[in-house]
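All remarks here apply to the structure that follows.
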Amino acid sequence: MLSKLPTSLPPHLALKFIKVYSNSGDLQRARHLFDKIPQPDLPTWTILISALTKHGRSLEAIQYYNDFRHKNCVEPDKLLLLSVAKACASLRDVMNAKRVHEDAIRFGFCSDVLLGNALIDMYGKCRCSEGARLVFEGMPFRDVISWTSMASCYVNCGLLREALGAFRKMGLNGERPNSVTVSSILPACTDLKDLKSGREVHGFVVRNGMGGNVFVSSALVNMYASCLSIRQAQLVFDSMSRRDTVSWNVLITAYFLNKECEKGLSVFGRMMSEGVGLNYASWNAVIGGCMQNGRTEKALEVLSRMQNSGFKPNQITITSVLPACTNLESLRGGKQIHGYIFRHWFFQDLTTTTALVFMYAKCGDLELSRRVFSMMTKRDTVSWNTMIIATSMHGNGEEALLLFREMVDSGVRPNSVTFTGVLSGCSHSRLVDEGLLIFDSMSRDHSVEPDADHHSCMVDVLSRAGRLEEAYEFIKKMPIEPTAGAWGALLGGCRVYKNVELGRIAANRLFEIESDNPGNYVLLSNILVSAKLWSEASETRKLMRDRGVTKNPGCSWIQVRNRVHTFVVGDKSNDQSDEIYRFLDYMGEKMRIAGYLPNTDFVLQDVDQEEKEEVLCNHSEKLAVAFGVLNLNGESSIRVFKNLRICGDCHNAIKFMAKIVGVKIIVRDSLRFHHFRDGLCSCQDFW
DNA sequence: ATAGGGTTAG
């Protein structure tokens, strides 16, 4: 068909054909025809560009608009600018948004309410409140839509107080808010947890009879759930005359946010039995809600029901369930989800990719974590933070510092989480001076005020480097009340550097502010035992018993094929327990020949030397490592996880084992990852 | 012409 058309149509005919093709949605042909016209006139440009925008082909619309500007022979009309403004809004394209605004001024459309409103909306979607305000303030006449768009823009930009201000001001300026205004403004109250303003808006809704609008009433449910209580939210929900899927979704989310999983699930059940249509957000609200409340199993169960109901997990579903692999440290499951993400092109999404980076890091594979991060084309504060935290967890402080520099250089603003990440990296790599410099630069260069966590990180930086007196001085000079984190860091340092005096001070503070944490009693007792202060050590353990505090049982686990195998000290319940102990015996001989000396400091009981060595050989981490080595299946590395800190003797023994067996052994304890390879550990024995 | 719900880091 196309080839039979004459190559150059007379202009009026070309316009007619482009119109026909555009209206029928055949934009390929419309473009084809358009491209052949040597000098299109204004109506032709306008028809094509507005058709492209209307059919969601915003990128092409903007390209043609830039062509149009380049040729510079015709002036744009209002309709053309309106279309391009819409295109910029849908792509959140600030750069071209500014061009449209410029043209509107240059060609004298500033006083037009219709175009002005479109420009405000465009800037709002682009999250550029300055632009929107310029347009808004330059308008000679403003209607409800101008005010509503301005308020929406403020909400989009996170300027919630300003949004409420606009709502209040519009009444004074003689414009009455409508239901759209109200449903735009209520999320501001919700996010601010501002019950007073929320009630004020609710009053307005009642006085003006807007309660029947589902947008408005659903927003009210959300507001009450966030500002007052789930009960009040339920009351508003019950009084609604009309409810749609979104209203139900709001209620479900509210219950999960309030940690009432069973109620959330039962609302979801009612939704199904009452025949309310479910959509993706409904499923995602339940799955995400379960995940947020630690109900991983339930989340996975709902996920499979979702799939059985004909909903394919979408990008948000996947991002919600990915932390299941992160928390279960299931590298296998995580890789499967990565495959799904790859096949469905979800990897373009920042949130999803960030969750992937974190999953790989927490599952012990920093290399894959880096690889995913390096492929990201756009990075925000959270994604940079995630990579920084990932490298810090693995003890690569230098790399964390480099990432931090790169982040700042690329113009992404660090927040308080960034600094917790960087500083903990410094503490794991003995970067004391660097840590101090970063800490000092926080408020000066980045306007982030150091909080209690940052101070604790600094105590950790100093303590881990053995500068215990300085760490103690730092605590004493802190402008805020030192938390358990700060004293805990000092106590940890005292354990490594065997400082009884400061250890006692730190522990005694911890026994007051964190009296139920068994770890503190155990740490002090360990310090006292290694100083041979047996009776004081047993007093500490007595104090712990008297207070009813019980030691957390240490346990280690490892995933082999599809199963997680868990070990406690002296465990003999594994199918392969006999082999494990035989293997450890055999290893023990080889290790001794290689120069390994058992470090019996780590045995608490006052027993004789031989017995102490016996006790050391059955620590859960050694059992899990042995099991991993026995079940290598051709892998060159194994990953073991432990709930408590790795024991010092185990740390030493695993170095020897990695060398003798010739594999990479990765152990994650409660504080960080240790990469054992060829007789050395990545933490440089600094843990 | 302007409107609501589901996702990532400590």
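What you see is a predicted model, and the numbers here were worked out from it, not measured in a lab. In the text below, chain A, chain B and the rest are named by the order of the sequence lines, each starting its count at 1.
Of the listed nucleotides (B/dT7, B/dT2, B/dG6), B/dT7 has the atom at the smallest distance from the side chain of A/Thr352. The side chain of A/Ala355 lies closest to B/dT8 when the candidates are B/dT8, B/dG6, B/dG5. Side-chain atoms of A/Thr148 lie closest to B/dT2 of the nucleotides B/dT2, B/dG5, B/dT8. Comparing B/dA3, B/dT7, B/dA1 against the side chain of A/Thr351 picks out B/dT7 as the nearest. Side-chain proximity of A/Asn178 to B/dG6, B/dT2, B/dG4: nearest is B/dT2. The side chain of A/Thr319 lies closest to B/dT8 when the candidates are B/dG10, B/dT8, B/dA3. Among the nucleotides B/dT2, B/dT7, B/dG4, the one closest to any side-chain atom of A/Val246 is B/dG4. Minimum atom distance to the side chain of A/Asn284 is reached by B/dG6, of the listed B/dG6, B/dT8, B/dG10. Distance from the side chain of A/Thr386 is smallest to B/dA9 among B/dT2, B/dT8, B/dA9. Candidate nucleotides B/dG5, B/dA1, B/dT8 were compared by shortest atom distance to the side chain of A/Asn222, and B/dG5 ranks first.
The nearest whole Å value for the distance from the CE atom in A/Met139 to the P atom in B/dA1 is 15 Å. Look at CD1 on A/Ile318: it is 13 Å from P on B/dT8, rounded to the nearest Å. Taking atom CD1 of residue A/Ile316 and atom P of nucleotide B/dT8, one finds them 10 Å apart after rounding to whole Å. Rounded to an integer number of Å, the gap from A/Arg142 CZ to B/dA1 C1' is 17 Å. With rounding to whole Å, A/His428 atom NE2 is found 13 Å from B/dG10 atom P. Spacing between atom CD of A/Gln315 and atom C1' of B/dG6 amounts to 10 Å, rounded to whole angstrom units. Nucleotide B/dG5 holds its C1' atom 16 Å from the OH atom of A/Tyr280, rounded to whole Å. Counting to the nearest Å, the P atom of B/dA3 and the OH atom of A/Tyr154 are 17 Å from each other.
Aromatic ring centres of A/Phe419 and A/Phe439: separated by at least 6.0 Å. A ring-centre distance under 6.0 Å is found for A/Trp384 and A/Phe373.
Judged by distance alone, the side chains of A/Ser247 and A/Asp244 do bring a donor and an acceptor atom under 3.5 Å apart. A donor-acceptor pair shorter than 3.5 Å cannot be found between the side chains of A/Asn117 and A/Ser149.
If you check every strand for non-hydrogen atoms under 4.0 Å, A/Ile389 touches sugar and phosphate atoms only. Using a 4.0 Å heavy-atom criterion, one finds that A/Val417 contacts the bases of the nucleic acid, with or without backbone contacts as well. No engagement by A/Val216 is indicated, since no non-hydrogen atom pair under 4.0 Å with the nucleic acid exists. Using a 4.0 Å heavy-atom cutoff across all strands shown, A/Lys362 reaches no nucleic acid atom at all. Within the nucleic acid shown, A/Thr353 has no heavy atom closer than 4.0 Å to any nucleic acid atom. Residue-level contact check: A/Asn213 touches the bases, meaning some heavy atom is under 4.0 Å from a base atom. Note on A/Thr245: a base of the nucleic acid sits closer than 4.0 angstrom, heavy atoms only.
Of the residues in residues 182-189 of chain A, those placing a heavy atom less than 4.0 Å from an atom of DNA chain B are A/Ser183, A/Ser184, in numerical order.
Listed by first and then second residue, the salt bridge (Lys or Arg N to Asp or Glu O under 4.0 Å) pairs involving residues 200-223 of chain A are A/Arg168-A/Glu200 (not counting sequence neighbours).
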Stepwise side chain to side chain donor-acceptor pair (under 3.5 Å) test for A/Thr317 and A/Asn314: CA-CA 5 Å; A/Thr317 322; A/Asn314 68 8; 2.7 Å; yes
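Contact check, A/Lys378 against B/dT8: no side-chain N or O comes under 4.0 Å of OP1 or OP2.
Within 3.5 Å, no donor on the side chain of A/Asn249 pairs with an acceptor on the base of B/dG4, nor the reverse. Applying the 3.5 Å distance criterion, the base of B/dG10 shares no donor-acceptor pair with the side chain of A/Asn385. The base of B/dA9 is paired with the side chain of A/Asn415 by a donor and an acceptor separated by under 3.5 Å.
Here the closest heavy-atom approach between residue A/Cys227 and residue A/Cys189 is recorded as SG-O, 3.4 Å.
Ring orientation note: the planes of A/Trp248 and A/Phe237 are nearly perpendicular, at an angle over 60° on the 30°/60° scale.
Using a cut-off of 4.0 Å between Lys/Arg side-chain N and Asp/Glu carboxylate O, A/Glu137 and A/Arg133 are scored as not salt-bridged.
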